[in-house]
2 protein chains.
Amino acid sequence: MTQDAVDAHLTRWRAVLPDLDPDVEAVVTRMEHLVRHLRRVKERTLAEYRFAPYEYATLHALAGRGGNATPSELTADLTISAAAMTGRLDALEQRGYVRRTHSAADRRRVDVELTESGRAAWVSALNVQGVEEQRILGVLSEGELVDLANTLRRVLLVAEAGE
Amino acid sequence: MTQDAVDAHLTRWRAVLPDLDPDVEAVVTRMEHLVRHLRRVKERTLAEYRFAPYEYATLHALAGRGGNATPSELTADLTISAAAMTGRLDALEQRGYVRRTHSAADRRRVDVELTESGRAAWVSALNVQGVEEQRILGVLSEGELVDLANTLRRVLLVAEAGE
DNA sequence: CCATAGTATTTCGGTACCGAACTATTCGGC
DNA sequence: GCCGAATAGTTCGGTACCGAAATACTATGG
């Protein structure tokens with residue numbers, strides 16, 4: 001079987017740390033590599049659409065809530081600080097992708113709305129998303145892919161339970 | 001089968017984007033969640049040892065090279081900018097964890113050396129690493145774990161080939 | 001050997017982020 | 001109804017990062 005970068009990584013580290021479990025380490029490190037790979041490809045794609053990753057992520061979260069949300073909701077969805085969200089919305093408002101209005105019902109709150117131009121920008125970048133995911137996971141058969149998804153669910157449930 | 005956070009995520013997004021492949025999306029999103037989960041647990045652990053994540057990562061890279069390396073090597077290993085590495089080494093030198101000396105052979109170069117105190121700090125934090133990885137992957141049998149590692153290798157090889 | 005090109009590292013200017021302090025508004029108990 | 005506690009959002013001070021310019025040195029071609 002051909003070696004990947006993680007096999008090399010493991011060989012190197014086993015010399016320094018003989019005690020680590022090679023299979024556990026291999027699984028964790030491969031997931032880290034795959035996630036980073038997809039993130040990089042995504043960032044390159046977004047750059048073509050003149051998007052910073054955080055700008056796209058914010059529009060994506062807003063679109064996921066139907067184009068209307070409060071800063072708090074977006075802050076929670078993206079797990080960033082409230083201060084960071086203020087900065088992101090300032091920039092997106094500047095570019096005309098979102099609109100902020102004080103809520104009439106509760107004047108502490110702000111309603112963030114995706115503009116037409118914001119939605120158009122999001123969709124155009126979205127349409128090329130997922131291509132790389134399909135490409136790399138396409139090496140697996142449909143059955144293998146489903147098995148993989150189910151195996152990862154079992155692991156994630158343990159992770160979530162330990163929070 | 002019990003639902004995890006990703007099942008909920010998928011249900012929510014399929015309403016907005018009917019075209020996405022649920023199995024591909026499930027695998028990718030679960031890997032992202034697992035990697036983030038492990039990163040968070042690790043950061044919490046490191047905080048107990050008064051380590052910022054980037055400080056530990058730098059010592060770890062240095063230890064992985066036997067305790068001696070140049071800033072360029074560490075920069076490449078961690079894929080950060082050279083400027084960032086200068087800042088990290090400044091901080092680590094301040095805390096007495098590394099020592100910088102001008103290389104005698106090539107005076108442009110700097111030799112970074114892990115001090116005794118630096119190695120001790122690294123080892124103490126290292127000893128509790130991997131516990132969470134073992135815990136969540138412990139739900140799989142040894143055979144399932146090996147299968148998972150091999151499946152991910154196949155996927156990662158495709159990712160690496162596409163660079 | 002000298003000029004030029006190349007390399008290793010640091011410095012500089014600017015950005016996104018976080019936690020904490022602050023402002024404006026609403027809620028809850030008396 | 002009023003006052004203190006709670007909540008939504010923004011502002012502020014500080015940090016780690018990046019890309020580019022600067023610095024210091026080494027290699028190379030004539």
Side-chain angles (χ1 to χ4, degrees), chain A residues 36 39-40 42-44 46-62 65 68-95 97-114, chain B residues 36 39-40 42-44 46-62 65 68-95 97-114:
Chain A
R36 189 171 16 172
R39 184 166 44 74
R40 287 200 183 134
K42 189 170 177 176
E43 283 173 14
R44 256 192 308 235
L46 290 177
E48 292 169 20
Y49 288 87
R50 311 274 176 231
F51 265 128
Y54 65 91
E55 287 177 319
Y56 177 78
T58 310
L59 289 189
H60 193 67
L62 186 52
R65 286 192 173 261
N68 272 286
T70 64
S72 310
E73 288 168 337
L74 298 174
T75 293
D77 289 352
L78 297 171
T79 51
I80 61 174
S81 71
M85 183 54 67
T86 296
R88 290 185 179 194
L89 293 176
D90 285 348
L92 288 172
E93 199 167 32
Q94 198 84 32
R95 292 183 65 178
Y97 291 158
V98 307
R99 219 185 337 265
R100 272 190 279 200
T101 49
H102 281 282
S103 165
D106 181 344
R107 291 173 43 74
R108 290 169 303 182
R109 280 195 293 177
V110 167
D111 282 325
V112 182
E113 189 191 356
L114 192 59
Chain B
R36 188 168 18 164
R39 184 167 45 73
R40 285 199 185 137
K42 189 170 176 177
E43 282 173 14
R44 258 194 305 238
L46 289 177
E48 292 169 20
Y49 288 88
R50 310 273 176 233
F51 265 128
Y54 64 90
E55 288 177 320
Y56 177 79
T58 310
L59 289 188
H60 193 67
L62 186 51
R65 286 193 174 260
N68 271 286
T70 65
S72 309
E73 288 169 338
L74 298 174
T75 293
D77 290 351
L78 297 171
T79 53
I80 62 173
S81 72
M85 183 53 68
T86 296
R88 290 185 179 194
L89 292 176
D90 286 349
L92 289 173
E93 199 168 30
Q94 199 83 30
R95 293 182 65 176
Y97 291 157
V98 306
R99 216 181 344 259
R100 269 191 282 199
T101 49
H102 281 283
S103 163
D106 182 342
R107 289 171 47 73
R108 288 171 304 185
R109 280 194 293 178
V110 168
D111 282 326
V112 182
E113 189 191 356
L114 192 59

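Hydrogens, waters and symmetry mates are skipped; everything else that's a heavy atom, side chains included, is used. Values in this document were obtained by computation on a predicted structure and should not be read as measured data.
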Checklist line | Of the listed nucleotides D/dT11, C/dT11, D/dC18, the one nearest the side chain of A/Thr86 | finding: D/dT11

Next item on the list: Could you check how far CG of A/Asp90 sits from P of C/dA16, rounded to whole Å?
Entry: 11 Å

Notebook entry, point to check: Can you name the residues that form a side chain to side chain contact (heavy atoms under 4.5 Å, CB included) with A/Ala91, not counting sequence neighbours?
Noted result: none

Checklist line | Name of the residue among B/Leu74, B/Leu78, B/Leu59 meeting side chain to side chain contact (heavy atoms under 4.5 Å, CB included) with B/Arg88 | finding: B/Leu78

Item checked: Closest to side chain of A/Arg100, choosing from D/dT10, C/dC18, C/dT10 -> D/dT10

Next item on the list: Between A/Arg88 and B/Glu73, name the one whose nearest nucleotide on DNA chain C is closer to the 5' end.
Entry: B/Glu73

Checklist line | A/Ala82: partners by side chain to side chain contact (heavy atoms under 4.5 Å, CB included), with sequence neighbours left out | finding: none

Show the distances under 3.5 angstrom between N or O atoms of the protein and N or O atoms of nucleotides 19-26 of chain C.
unit_1	atom_1	unit_2	atom_2	d
C/dT25	OP1	A/Arg107	NH2	3.2
C/dT26	OP1	A/Arg107	N	3.1

Next item on the list: Please determine if B/Arg39 and B/Glu43 form a salt bridge, counting it only when a charged side-chain N lies under 4.0 Å from a carboxylate O.
Entry: yes

Next item on the list: Sequence neighbours left out, what passes side chain to side chain contact (heavy atoms under 4.5 Å, CB included) with A/Asp111? Give chain and number order.
Entry: A/Thr70, A/Thr101, A/Ser103

Next item on the list: Whole angstrom is fine here: how far is it from CE in B/Met85 over to P in C/dT9?
Entry: 10 Å

Check: What pairs meet the side chain to side chain donor-acceptor pair (under 3.5 Å) rule with one or both residues in residues 75-86 of chain A, with sequence neighbours excluded?
Finding: A/Arg65-A/Asp77

Check: Where does the angle between the aromatic ring planes of B/Phe51 and B/Tyr56 fall among parallel (under 30°), tilted (30 to 60°) and perpendicular (over 60°)?
Finding: perpendicular

Check: Whole Å only: how far is the OH atom of A/Tyr54 from the P atom of C/dC17?
Finding: 7 Å

Check: Hey, what bend do you get for the helix from C/dC1-D/dG30 to C/dC30-D/dG1 if you fit axes on five pairs at each end, rounded to 10°?
Finding: 10°

Item checked: Nucleotide nearest B/Ser72 when distance is taken to its side chain, options D/dA8, D/dC18, C/dA8 -> C/dA8

Notebook entry, point to check: What's the spacing between A/Leu46 CG and A/Glu55 CD if we round to 0.5 Å?
Noted result: 9.5 Å

Checklist line | Whole-Å distance separating the CG atom of B/Leu92 from the P atom of D/dA16 | finding: 11 Å

Next item on the list: Measure the distance from NE2 on B/His102 to C1' on D/dT23 and round it to the nearest whole Å.
Entry: 11 Å

Item checked: Contact check, side chains of B/Val112 and B/Glu93, non-hydrogen atoms, under 4.5 Å -> no

Notebook entry, point to check: Tell me: OH of B/Tyr56 to P of D/dA16, nearest whole Å?
Noted result: 19 Å

Notebook entry, point to check: For the pair made of CD in B/Gln94 and P in D/dT15, what is the distance, rounded to whole Å?
Noted result: 13 Å

Margin query: Distance check needed: D/dG19 P versus B/Ile80 CD1, whole Å only.
Written below: 11 Å

Margin query: At 4.0 Å (heavy atoms only), tell me whether A/Thr70 reaches a base, stays on the sugar-phosphate, or touches nothing.
Written below: sugar-phosphate

